[in-house]
Amino acid sequence: MAEAARDRITTRRPGDPDKPVAKRWSNQLDGWVPEPAPSAKDPGVAYGFPGCRPIRITREEITDYEGRFEYWDADTEIAWQVCEPTSVYHELPGQELARLTERIAAVRGEPIKSYGTGDLLVRDDQGEKHVIMQPDQILYLHPHTVRRLGHAIEVGHDELPDVVLEVDLTTDVRYRKMGLYQEWGFRELWVETPENRAPSRPNRKPGVTIRVLGPHGYEETRESRAFPTWTADEIHAALNEDALSASTVAVLRRVGRVLGEQGGTGTDDDPFMRVEREQSRREGAEQGAETTRLEMLAEALAARDIPTSRRLEEHAGLIVAVPVPALMRAALACRDEADFVRRIKDATG
């Protein structure tokens, strides 16, 4: 797979008149098509990376390079970086998706791993780095079945993620990256255009597009294959909320339950949620015991024409701690509510 992928992604260094004109993957994903020279306004358009600018990173430098880029290849030693400064509106969807899927995982009872902008790497025949591409979020739904990853996800060697997310705020993955994801065999690609639009792309329509890999390439679908019943509209709404809404909570719980039913797991299989649920059960049992004893004491005191007030509820914790025989003796011997409280305090020593 690595060799096939490498053959389809060869480019030439921009601005070199002695090299062939650069090419990009067409919107129709039907092969390479020639493009005009890059414009001064947007040099990335002709090379399939609109909204990006080329920077030189040598083969020696790429090993230790820690910056962000969309794509790099060894043939040209060119990386394509987003032209505009990184904004919170671009970074937020990837982070939010990690938080949302963590909640789904808790309901399902099985972890979901998010790897952020980790490198997707293709090596050449000598084992050297040949192509690197960076998404905005990477999700593995069954990380315990995946061989431990190294510093990058190596195409043709590692298990590919279940979902990759691309955020198109100032860029457009359709021109080049989507073709590479398809060629490399990535099963599901989500493209999010946030509600907060970039000044350079004011007319970009917000929303999530889900594409799943089929026998004839990517097919746009209404809902995710990896996360059954989770629709593109629901995903987009959740990624753009300022605070988690009741409707999104309901959606996340639904998706988590569906995944759990598929895998035979549930909320109690999640270690954190299991402890939380056990504590809730204990608290519920204790609260039930308090209510039962308070009702019993109120009836016993009322039979003796001794009025009660909210003070009895304020001592609910003490009442639960006192054995029932001692409670009944205090209720039968007391002169009033205050005397009853004193007697049960004495009983607990």
Same cluster (ILVMFWY, side-chain, under 4.5 Å), Val164 and Leu141: no

Can we say Glu96 and Arg99 salt-bridge, meaning some charged N sits less than 4.0 Å from an Asp/Glu carboxylate O? yes

With side-chain contact (heavy atoms from CB on, under 4.5 Å) as the criterion, how do Leu252 and Leu100 come out once you've worked through the C-alpha distance, each side chain's angles and the decisive distance to 0.1 Å? CA-CA 7 Å; Leu252 299 181; Leu100 293 169; 3.8 Å; yes

Just checking Arg335: does its CZ atom have more than 12 heavy atoms from other residues, nucleotides or ligands closer to it than 6.0 angstrom? no

To the nearest 0.5 Å, atom CZ of Arg311 lies from atom CZ of Phe340 at 11.0 Å

For Arg53 and Cys83, the nearest pair of non-hydrogen atoms, with its separation, is NH1-O, 3.0 Å

Under 3.5 Å: donor-acceptor pair, side chain of Arg211, backbone of Thr221: no

Just by distance, no angles: are the side chains of Glu241 and Thr248 close enough, under 3.5 Å, to form a donor-acceptor pair? yes

Can any side-chain N or O of Asp136 pair as donor or acceptor with the backbone N or O of Gly94 at less than 3.5 Å? no

Would you kindly say whether Gln134 and Tyr71 are connected by a side-chain donor-acceptor distance under 3.5 Å? no

So do the side chains of Val167 and Pro194 get within less than 4.5 Å of each other, counting heavy atoms only? yes

For residues Ala105 and Asp270, report the shortest heavy-atom separation together with the two atoms involved. O-OD1, 4.4 Å

Out of Arg59, Glu154, Arg123, which one pairs with Lys129 under the side-chain contact (heavy atoms from CB on, under 4.5 Å) rule? Arg123

Please check this pair: side chain of Asp269 against backbone of Gly266, looking for a donor-acceptor N/O pair closer than 3.5 Å. yes

Transitively linked via ILVMFWY side-chain contacts under 4.5 Å: Phe186 with Val212? no

Are Ile210 and Glu220 packed together at the side-chain level, in the sense that at least one heavy-atom pair is separated by less than 4.5 angstrom? no

Return the CG to CZ distance between Asp233 and Arg222, rounded to the nearest 0.5 Å. 7.0 Å

Are any of the side-chain heavy atoms of Cys52 and Thr171 separated by less than 4.5 Å? yes

So, does Asp336 use its side chain to make a donor-acceptor pair with the main chain of Ala338 at under 3.5 Å? yes

Applying ring pair (Phe, Tyr, Trp, His ring centres under 6.0 Å), can you list everything that pairs with Phe227, at least two apart in sequence or on another chain? Trp190, Trp230

Check step by step if salt bridge (charged side-chain N to carboxylate O under 4.0 Å, His left out) holds for Arg254 and Glu234. CA-CA 12 Å; Arg254 181 194 72 214; Glu234 291 170 340; 2.8 Å; yes

Please tell me if the side chains of Pro307 and Leu301 come closer than 4.5 Å, counting only heavy atoms from C-beta onward. no

Hey, mind stepping through Tyr47 and Trp80 against ring pair (Phe, Tyr, Trp, His ring centres under 6.0 Å) and telling me if it holds? CA-CA 9 Å; Tyr47 297 88; Trp80 290 91; 5.3 Å; yes

So, applying side-chain contact (heavy atoms from CB on, under 4.5 Å) with Thr117, which one of Glu91, Arg68, Gln137 is it? Arg68

Give the minimum heavy-atom separation between Ile138 and Gly118, together with the two atoms involved. CD1-O, 3.6 Å

Rounded to the nearest 0.5 Å, how far apart are OG of Ser114 and CG of Leu165? 11.0 Å

More than 12 heavy atoms of other groups within 6.0 Å of His216 NE2: no

With side chain to side chain donor-acceptor pair (under 3.5 Å) as the criterion, how do Asp73 and Thr76 come out once you've worked through the C-alpha distance, each side chain's angles and the decisive distance to 0.1 Å? CA-CA 6 Å; Asp73 74 78; Thr76 64; 3.2 Å; yes

Which heavy atom of Pro206 sits nearest a heavy atom of Glu195, and at what distance? CB-OE2, 3.5 Å

How close do Val322 and Ala347 get, heavy atom to heavy atom, and via which atoms? CG1-CB, 4.5 Å

For the pair Arg304 (side chain) and Ile306 (backbone), establish whether a donor and an acceptor sit closer than 3.5 Å, ignoring hydrogens and angles. no

CG (Leu120) and NZ (Lys177) are apart, to the nearest 0.5 Å, by 8.0 Å

Rounded to the nearest 0.5 Å, the CG atom of Leu213 sits from the OH atom of Tyr218 at a distance of 5.5 Å

Between the side chain of Arg253 and the main-chain N/O of Ile104, is any donor-acceptor distance below 3.5 Å? no

Could you check whether any side-chain N or O of Thr58 sits under 3.5 Å from a backbone N or O of Glu61, counting only pairs where one atom can act as donor and the other as acceptor? yes

Hydrophobic cluster membership, Val173 vs Leu160, 4.5 Å side-chain cutoff: yes

side-chain contact (heavy atoms from CB on, under 4.5 Å) for Trp184 and Val131? Distances and angles first, verdict last. CA-CA 12 Å; Trp184 293 351; Val131 170; 3.9 Å; yes

Quick check, are the ring centers of Tyr115 and Tyr140 under 6.0 angstrom apart? yes

For His142, does its backbone N or O pair with a side-chain atom of Thr145 as donor and acceptor, under 3.5 Å? yes

In sequence, state the C-alpha distance, the side-chain angles, and the governing distance for Glu77 and Ile57, and then conclude on side-chain contact (heavy atoms from CB on, under 4.5 Å). CA-CA 5 Å; Glu77 296 187 323; Ile57 304 176; over 6 Å; no

Separation between NE2 of His236 and CG of Asn240, rounded to the nearest 0.5 Å: 4.5 Å

Applying a strict under-4.5 Å side-chain criterion to I, L, V, M, F, W and Y, I'd like to know whether Val107 and Val251 cluster together. no

Please evaluate residues Leu180 and Met133 with respect to the criterion side-chain contact (heavy atoms from CB on, under 4.5 Å), reporting the C-alpha separation (whole Å), side-chain torsions for both, the decisive distance (0.1 Å), and the verdict. CA-CA 9 Å; Leu180 296 175; Met133 192 158 68; 3.8 Å; yes

Looking at Arg343 and Ala331, would you say the former's side chain and the latter's main chain have a donor-acceptor pair under 3.5 Å? no

What class does the angle between the rings of Tyr65 and Phe69 fall in, given that below 30° is parallel, 30 to 60° is tilted and above 60° is perpendicular? tilted

With a 4.5 Å cut-off on side-chain heavy-atom distances among I, L, V, M, F, W and Y, is there a chain of contacts connecting Met178 to Trp72? no

Under the salt bridge (charged side-chain N to carboxylate O under 4.0 Å, His left out) test, residues paired with Asp162 that sit two or more places apart: Arg187

Side chains of Val208 and Val191: does their closest heavy-atom pair fall under 4.5 Å? no

Indicate yes or no: at least one non-hydrogen side-chain atom of Leu97 is less than 4.5 angstrom from one of Leu239. yes

Side chains of Ser224 and Glu188: do they bring a donor and an acceptor to under 3.5 Å? yes

Can you tell if the side chain of Glu159 reaches within under 4.5 Å of the side chain of Arg147, non-hydrogen atoms only? no

Kindly say whether Thr308 contributes a backbone atom to a donor-acceptor pair with the side chain of Glu337 at under 3.5 angstrom? no

Grab the two heavy atoms, one from Ala330 and one from Ile344, that are nearest each other, plus how far apart they are. CB-CG2, 3.9 Å

Would you check if Gln81 and Phe49 make a side-chain contact, meaning some heavy-atom pair closer than 4.5 Å? no

Is it true that Glu223 and Thr229 share a donor-acceptor pair across their side chains at a distance under 3.5 Å? no

